[in-house]
Amino acid sequence: MDIALEQVGYTYAAGTPFQKQALHDVNVRIPSGSYTAIIGHTGSGKSTLLQHLNGLLKPTAGIVRIGDTQVTKETKGKQLKPIRRKVGIVFQFPEHQLFEENVLKDIMFGPLNFGVEEEEAKARALRWIERLGLPEGTAEKSPFDLSGGQMRRVAIAGVLAMEPDVLVLDEPTAGLDPAGRKEIMDLFYELHEQRDMTTILVTHSMEDAARYADHMIVMHDGMDVLQGPPGEVFADAERLAEWRLGVPRTVSFQRLYEEGAGLPPGPPALTEEQLAAYLAADLGKGGGAS
Amino acid sequence: MMEKMVFGRYIPGDSFVHRLDPRSKLIFVFIFIAAVFLANNTVSYALLLAFTLLSILASKVRIGFLIGGLKPVMFLIAFTFLLHIFFTKEGDLLFQLGFLKIYEEGLRQGIYISIRFLVLVLMTSLLTLTTSPISITDGLEVLLNPLKKVKFPVHELALMMSISLRFIPTLMDETDKILKAQLARGSDISSGTMKERIQAVVPLLVPLFVSAFKRAEDLAVAMEVRGYRGGEGRTRYRQLKWDWRDTTALLILLAVIVALWFLRG
Amino acid sequence: MERILSLQDVRFTYTPDDPDGRHAVDGVSFDMHAGEWIAVVGHNGSGKSTLARLMIGLLFPQEGTVGLFGDTLTEDNLWEKRSQMGMVFQNPDNQFVGATVQDDVAFALENNGIPFEEMTLRVQNALKQVKMDTFLDHEPQHLSGGQKQRVAIAGALALRPRLLILDEATSMLDPQGREEVIRVILDLREKTGLSVISITHDLEEALLADRVVVMNGGRKFAEGTPQEVFLKGEALTELGLDLPFAMRLSALLGEQGIGTEPGTMTERKLVEQLWTLRSNR
Ligand SMILES: Nc1ncnc2c1ncn2[C@@H]1O[C@H](COP(=O)(O)OP(=O)(O)OP(=O)(O)O)[C@@H](O)[C@H]1O
Ligand SMILES: Nc1ncnc2c1ncn2[C@@H]1O[C@H](COP(=O)(O)OP(=O)(O)OP(=O)(O)O)[C@@H](O)[C@H]1O
Ligand SMILES: [Mg+2]
Ligand SMILES: [Mg+2]
């Protein structure tokens, strides 16, 4: 399911003295089956953009195309619900959305709302509890008796159980310890690979964007200023700095090395493994000799 | 979300009225509210209206903005106006349309009541528009201070009020976020039977309460760590200063009251 | 050097009535000297926040003692000890008490009965230290997360504390916000010699400390200079901790047959070794 935004603008509190235009003329295409990372400074409009992807916000200008559905400012609320079944969003700190008396019910909430049969919803919930590595017996517990990391997983399971075609993630790992962060990011990546699920990640971590994404959108002051594969986006550190963004650690280390060694800047190393291979190659060891 | 509300909001600025001490503004408005009921004839109502307009001018708040903020109460004013027009049957008959009869006295009463209403709303709006909520709280705390003698928890009440005010925008943001998260999970608050709608509120309310409790707990800890132990032995960072402006404002108000008294028919 | 904090065999459980209940902090001891900077790291739920709460007397240990500035912390000297400490928490929104920046910074001063003239001076100074002195009348909803955390630090500094405890003060911030806050803290350390305990998941932040305490399941797993602690390598990753970037890269380079000095923690040191390797090629 392709997603495209055409000349999309969005203004908060339009028509009051406090109005604030958060998106200007945004043109974005998210190809079906891609892993797209959206990066940008605080307040650049990432979360606003993201809420257009499943009709939580309707554009105040332009068109949002989600598969063969169109959303414009005239679109009625009723028409948005089918979109929400296809596009699942994991918000920042998703554990804040838990409310049921037990984990099982909370995970079933989404599927039931979208008309999934009780039996099937339950089967899905149990499947996702296991898939997310939650301990046995979690299903019957109150979500509020779990640890922070477990609550986060339950909330994520609640979105995954809707089995959306597109998964949208707004900084899904904020506040977790490094191991928890890596586990969850790896899980999303696996789902993306195995189910060919279109994945859209909003993140402040350039490392995550570089490691997982195959496509990137850079936002600045409510506009899409750059789109392309991470290799291209991270090639120009100076331009990113103008948008108050950095490059991944691997790239800054690579540039430091190249500078001291008198080498021209090579294609950016997107993962630590790539960086090690690049360095090894330059030092005449490991992979390819130079 | 918060941004949409115009009525009753504080608009920072620099004017004679903005600079008044919150205590004098509070006293002023309370006395004014009482004084409004002195007016009972055309001249005295005109004086009230003029005085209100003068106050607005002195505050440099845009009239258009005030009128915009009045919209929610306009309906009430119009309603009381009509009520008086149709139910007062004294004086000369001015106008008749079918069974509708409008009498001179009805029209007069309608206009008077509307003015009364209008100046009350305008003056209180002016208070909230030119005084930050926290100054109002400060002013109230000091004014109510004598009540401490009868063990009334003035300080605690003021602190509670200022913290509530401080958290209103945060909680509104929070509501918006939770609402969106549940909408994304297919919850539907705007349609269905009454029962369904009530049920749809649960996924919103539970997280809101959980989060409000968490915030309250965090806040209590943060306050304790910073040495908060109730009002005793505390000093005040916000100093209220009563100066010539405050005295002037109250003197002018006094003059108006005296005038109203003599103008009474 | 003066010992300002001393934990002796501290044990604490949130469920004292449950005989099988887990101890959130289980027999932890360590000392801290004036001017030191200690980083506490550990996985989620390892007892870091509980430890911090014990230090500032929000909780009292069921066993063991907490010593502060030479005395054992008790219910009686609690407020006096607390007035010499500051603490900043994780969530920027939930610790902003005042209506505006300056009110928030003044809050601790008001509580401690500091006279008005002195207060205005201290508020100004504290805000200058965190570079927020041009934001006096700003309301919290118009500040970024990093700015709110700097205000919270100023609120602690205004009391002129001898010990500052930061409980994941940067973990909810974006990279810029985090950097702002870390820079402010580094600056403080240099200028004031303030003692800091910083609880963090960010290892690059931990690398800046004099000493690192690693918590695991309520126990102290390791303690030492960043060098000593991170040399444990895999033992730490097994606890769900990360290693500094330079160390991870060194390990990967090792797999490629490129040997670097063990225990190279900083990128600078690593890149220098690589340059040398290159020129000796
Ligand atoms: N509900 C709202 N009402 C008014 N303005 C808003 C609202 N939500 C966001 N804004 C404004 O719109 C702009 C874009 O905000 P948005 O949340 O999309 O940014 P972001 O890129 O997600 O930032 P962050 O990285 O901090 O999450 C900001 O200037 C913000 O202040
Ligand atoms: N108020 C509480 N009541 C009961 N148990 C608690 C409470 N606070 C923490 N715990 C438990 O105590 C243990 C230690 O928690 P603590 O908050 O100290 O961990 P932490 O290392 O700070 O974790 P994080 O990295 O998530 O902040 C955990 O098992 C936690 O579930
Ligand atoms: Mg956002
Ligand atoms: Mg903690």
Side-chain angles (χ1 to χ4, degrees), chain B residues 1-3 9-10 12-14 18 22 131-138 141 155 158-174 176-177 211-241, chain C residues 49 52-53 55-59 78-100 102-120 122-123 136-142 148 152 155-159 161 164-165 167:
Chain B
M1 275 188 70
M2 184 70 185
E3 312 288 304
R9 270 189 66 154
Y10 168 57
D14 186 20
H18 278 91
T131 325
S132 69
I134 193 69
S135 305
I136 296 185
T137 313
D138 281 336
E141 180 177 357
H155 162 77
L159 187 79
M160 216 168 75
M161 231 171 102
S162 79
I163 288 177
S164 316
L165 288 167
R166 139 83 187 88
F167 273 92
I168 286 174
T170 314
L171 288 179
M172 289 188 110
D173 265 5
E174 182 94 14
D176 189 47
K177 276 189 197 141
S211 125
F213 275 119
K214 171 85 183 107
R215 282 185 200 282
E217 199 185 319
D218 281 4
L219 192 74
V221 168
M223 286 169 61
E224 193 184 334
V225 160
R226 292 205 245 165
Y228 181 74
R229 282 187 278 180
E232 219 154 296
R234 269 187 116 226
T235 42
R236 293 181 60 91
Y237 181 66
R238 282 181 173 266
Q239 302 282 320
L240 301 177
K241 274 205 297 293
Chain C
S49 299
R53 286 165 171 241
M55 291 175 193
I56 201 160
L58 285 165
L59 302 172
L78 175 63
W79 294 98
E80 181 247 319
K81 296 294 171 200
R82 227 177 239 173
S83 70
Q84 304 181 53
M85 307 164 75
M87 184 158 172
V88 178
F89 300 88
Q90 182 176 23
N91 192 326
D93 278 316
N94 296 2
Q95 52 187 317
F96 207 109
V97 185
T100 66
Q102 53 177 332
D103 289 302
D104 191 59
V105 176
F107 185 71
L109 301 175
E110 294 179 315
N111 293 336
N112 282 284
I114 311 285
F116 175 71
E117 286 73 24
E118 166 99 19
M119 254 198 281
T120 42
R122 287 212 198 179
V123 168
L136 280 181
D137 285 314
H138 281 240
E139 293 172 6
Q141 65 266 34
H142 299 129
K148 275 182 246 185
L157 290 180
L159 260 190
L164 181 63
I165 303 174
D167 187 356

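So you know, we letter chains A, B, ... as the sequences are listed, proteins then strands, and number each from 1.
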Donor-acceptor under 3.5 Å (N111(C) side chain, R226(B) main chain) |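 Checking the backbone N and O of R226(B) against the side chain of N111(C), a donor-acceptor pair under 3.5 Å is found.
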
Would you say the side-chain atoms of E110(C) pair up with the backbone N or O of Y237(B), donor to acceptor, closer than 3.5 Å?
-> yes

Under 4.5 Å from any heavy atom of chain B, what part of [X] do you find: side chain, backbone, both or neither?
| X | value |
| --- | --- |
| L78(C) | neither |
| V123(C) | side chain |
| F89(C) | side chain |
| Q90(C) | neither |
| T120(C) | both |

Minimum side-chain heavy-atom gap R238(B)-F116(C) below 4.5 Å =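 No. Closest side-chain heavy atoms not under 4.5 Å.
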
Decide yes or no on salt bridge (charged side-chain N to carboxylate O under 4.0 Å, His left out) for D104(C) and R166(B), but give the supporting numbers first.
-> CA-CA 11 Å; D104(C) 191 59; R166(B) 139 83 187 88; over 6 Å; no

Closest-packed option against chain C by number of heavy-atom pairs under 4.5 Å, given K214(B), R215(B), R229(B) | R229(B)

At a heavy-atom separation under 4.5 Å, does I134(B) approach chain C through its side chain, its backbone, both, or neither?
->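 It is the side chain, since no backbone atom gets that close.
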
Could you tell me which portion of S162(B) (side chain, backbone, both or neither) has an atom closer than 4.5 angstrom to a non-hydrogen atom of chain C?
-> neither

The side chain to side chain donor-acceptor pair (under 3.5 Å) partners of D167(C) (sequence neighbours excluded) come to S49(C)

